[in-house]
*Asks:* 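Below is one structure. I have some questions about it.
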There are 2 protein chains.
Amino acid sequence: MDAEPKNTGGKIEPWGDITPDAARRLVNAAVHAFAERGYHATTTRDIAGRAGMSPAALYIHYKTKEELLYQISKVGHERALKIVERARDSEGTPAERLADAVRSFVRWHAEHHMTARVVQYELGALAEEHHAEVIAVRKATDGAVRSIIEDGVKAGAFDVPDVRGATVAVLSLCIDVARWFNAQGRSTPDEVGDLYAGLVLRMVGAGGQDRP
Amino acid sequence: MDAEPKNTGGKIEPWGDITPDAARRLVNAAVHAFAERGYHATTTRDIAGRAGMSPAALYIHYKTKEELLYQISKVGHERALKIVERARDSEGTPAERLADAVRSFVRWHAEHHMTARVVQYELGALAEEHHAEVIAVRKATDGAVRSIIEDGVKAGAFDVPDVRGATVAVLSLCIDVARWFNAQGRSTPDEVGDLYAGLVLRMVGAGGQDRP
DNA sequence: ACGGAGGGTGAGCAAGCGCTTAGAGGTGCC
DNA sequence: GGCACCTCTAAGCGCTTGCTCACCCTCCGT
């Protein structure tokens with residue numbers, strides 16, 4: 001019904017800060033189309049149609065279809081990185097910081113699962129230089145999670161024989177939420193975040209102490 | 001009894017039982033192309049070229065491009081299901097059966113990560129009836145894993161407050177191996193399988209399976 | 001009142017897409 | 001040899017794709 005994003009707080013619609021209005025509508029349309037059908041299966045006519053304009057109007061705001069994907073992928077990756085960096089730099093024990101990182105990272109992937117699906121699973125369609133740029137952000141995300149786990153191992157709070165492998169597993173588990181999460185499903189983003197935080201603490205051998 | 005494909009040569013080829021030779025070459029070419037670029041980004045000319053024949057030759061063995069994907073997706077899903085069903089029906093404690101399921105499931109996804117990537121991430125491109133068929137196999141896989149976890153909970157060997165959620169998480173973790181695994185990486189399929197079996201046992205609270 | 005600017009449109013182009021067709025070559029059976 | 005059969009190719013058809021272009025609106029400072 002109401003396809004217009006109200007954008008008072010920017011909480012529900014993650015692209016509320018884009019101007020002009022038509023450009024924001026295009027990004028929202030592209031996110032939904034890319035998430036549902038994939039980048040290569042969606043046409044510029046489909047994106048423009050969802051945004052309520054003619055195919056040619058797309059090119060007033062974006063040079064190519066790939067530039068739309070790049071905008072979504074870049075901003076999305078930076079938001080995801082900030083989430084784990086904030087958890088890494090916060091006060092608290094390694095277990096608290098890891099649980100915080102997983103909880104908020106997963107919550108973001110569930111709440112914005114359309115955006116996250118494009119961010120995490122369509123980056124292969126990016127042009128080479130854009131792809132390299134995004135890969136650098138992903139490596140930073142991996143490094144942030146790994147440093148939390150390393151802190152826990154050094155402090156004797158975690159039991160992790162293979163830190164690299166555990167980091168890959170934890171991130172993989174969280175990222176994949178974007179693939180299977182369904183807004184009409186039985187779990188809310190908060191519930192999945194809490195569940196996953198507990199599962200990850202067990203994976204790193206930090207369970208049993210601070211949990212009743 | 002041997003569910004594994006015939007291994008005529010020294011190398012493990014997951015599609016060795018397809019005849020004639022040209023059809024097998026087409027499936028192999030399609031698997032590599034779909035895995036690298038995605039279904040919608042690969043052309044029939046690309047597939048035929050990789051198989052060493054002209055574009056028209058594809059249509060002697062397969063009616064459409066989608067039928068190729070369907071063949072790959074269907075057979076792949078059935079193989080993955082058989083792996084977890086065998087573990088579910090084997091003798092042993094729930095912890096041993098869950099570890100077995102995860103180890104062999106993950107090993108398959110790593111060893112055949114090209115095929116598995118197509119199987120797990122390109123099913124959205126299937127025609128509706130083929131998609132429904134494949135979804136049914138996925139539900140069976142989910143049910144098999146869940147029944148192992150339920151057995152463990154009933155036996156008091158696992159500590160899992162949310163069986164459905166844990167099942168989704170375990171399967172998601174294992175499936176996503178196909179996305180990130182790289183044959184040139186530092187881990188072998190066996191190593192990843194062992195690592196993941198241990199991680200999953202911790203996730204379900206069966207960490208002390210060695211000690212009573 | 002009016003000219004310029006920028007957001008928007010209908011029509012359409014060149015290229016590439018999935019797929020088809022007419023026919024060539026090899027092989028085995030009578 | 002004659003014929004049917006199977007595999008494969010060169011050429012190309014009809015259509016869709018990403019993208020462009022000439023032109024039309026509305027708004028706005030002077």
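The figures that follow rest on heavy atoms only: side chains count, while hydrogens, waters and symmetry mates do not. Naming: A, B, ... by sequence-line order, numbering from 1 per chain.
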*Asks:* Run the salt-bridge test on A:Glu36 and A:Arg50 with the 4.0 Å N-O cut-off and return the result as yes or no.
*Replies:*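 A salt bridge links A:Glu36 with A:Arg50.
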
*Asks:* Taking atom P of C:dG7 as reference, at what distance in whole Å does atom CG of A:Leu26 sit?
*Replies:* 12 Å

*Asks:* Can you tell me if A:Tyr70 and A:Glu133 form a side-chain donor-acceptor pair at under 3.5 Å?
*Replies:* yes

*Asks:* If you check every side-chain atom of A:Ala56, which of D:dT20, D:dC8, C:dT21 has the closest atom?
*Replies:*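 Nearest listed nucleotide: D:dT20.
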
*Asks:* Can you measure B:Ile60 atom CD1 to C:dG23 atom C1' for me and round it to whole angstrom units?
*Replies:* 12 Å

*Asks:* Regarding A:Arg79 and the six-membered ring of A:Trp15, is the cationic atom NZ or CZ under 6.0 Å from the ring centre and inside 45° of its axis?
*Replies:*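 Checked: cation-pi criterion met.
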
*Asks:* Starting the side chain at C-beta, find the nucleotide from D:dC8, C:dG7, D:dC19 nearest to A:Pro55.
*Replies:*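 Nucleotide nearest to A:Pro55's side chain: D:dC19.
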
*Asks:* Which one, C:dT9, C:dC19, D:dC19, comes nearest to the side chain of A:Thr64?
*Replies:*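 Side chain of A:Thr64 sits closest to D:dC19.
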
*Asks:* Supply the atom-to-atom distance B:Asn28 CG to B:Thr115 OG1, rounded to the nearest 0.5 angstrom.
*Replies:* 7.5 Å

*Asks:* Nearest-Å distance, OH (B:Tyr59) to P (D:dA10)?
*Replies:* 16 Å

*Asks:* Choosing from D:dG18, C:dG8, C:dT20, which nucleotide comes nearest the side chain of A:Thr43?
*Replies:*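 The closest nucleotide is D:dG18.
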
*Asks:* What is the distance, to the nearest angstrom, from the CG atom on B:Leu58 to the P atom on C:dT20?
*Replies:* 11 Å

*Asks:* Starting the side chain at C-beta, find the nucleotide from D:dC19, D:dT9, D:dT7 nearest to B:Pro20.
*Replies:* D:dT7

*Asks:* Rounded to the Å, how far apart are A:Met53 CE and C:dG6 P?
*Replies:* 17 Å

*Asks:* OP1 or OP2 of D:dC19 versus the side-chain N and O atoms of A:Thr44: is any pair under 4.0 Å?
*Replies:*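 Answer no for this pair, as no side-chain N or O of A:Thr44 is under 4.0 Å from OP1 or OP2.
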
*Asks:* Mind calculating the distance between CZ (A:Arg45) and P (D:dC15) to the nearest angstrom?
*Replies:* 15 Å

*Asks:* For DNA chain C, whose closest nucleotide is more 5', that of A:Ala23 or that of B:Lys63?
*Replies:*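 Taking each residue's closest nucleotide, the earlier one in sequence belongs to A:Ala23.
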
*Asks:* Name the nucleic acid region contacted by B:Ser54, choosing base, sugar-phosphate or nothing; use a 4.0 angstrom heavy-atom cut-off, strictly under.
*Replies:*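 It contacts base atoms.
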
*Asks:* Supply the atom-to-atom distance B:Asp194 CG to B:Arg107 CZ, rounded to the nearest 0.5 angstrom.
*Replies:* 7.5 Å

*Asks:* Roughly how many Å is it from NE2 in A:His40 to P in C:dC17, rounded to a whole number?
*Replies:* 11 Å

*Asks:* Tell me the interatomic distance from A:Lys65, atom NZ, to D:dT16, atom P, rounded to whole angstroms.
*Replies:*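 Those two atoms, NZ and P, are 16 Å apart.
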
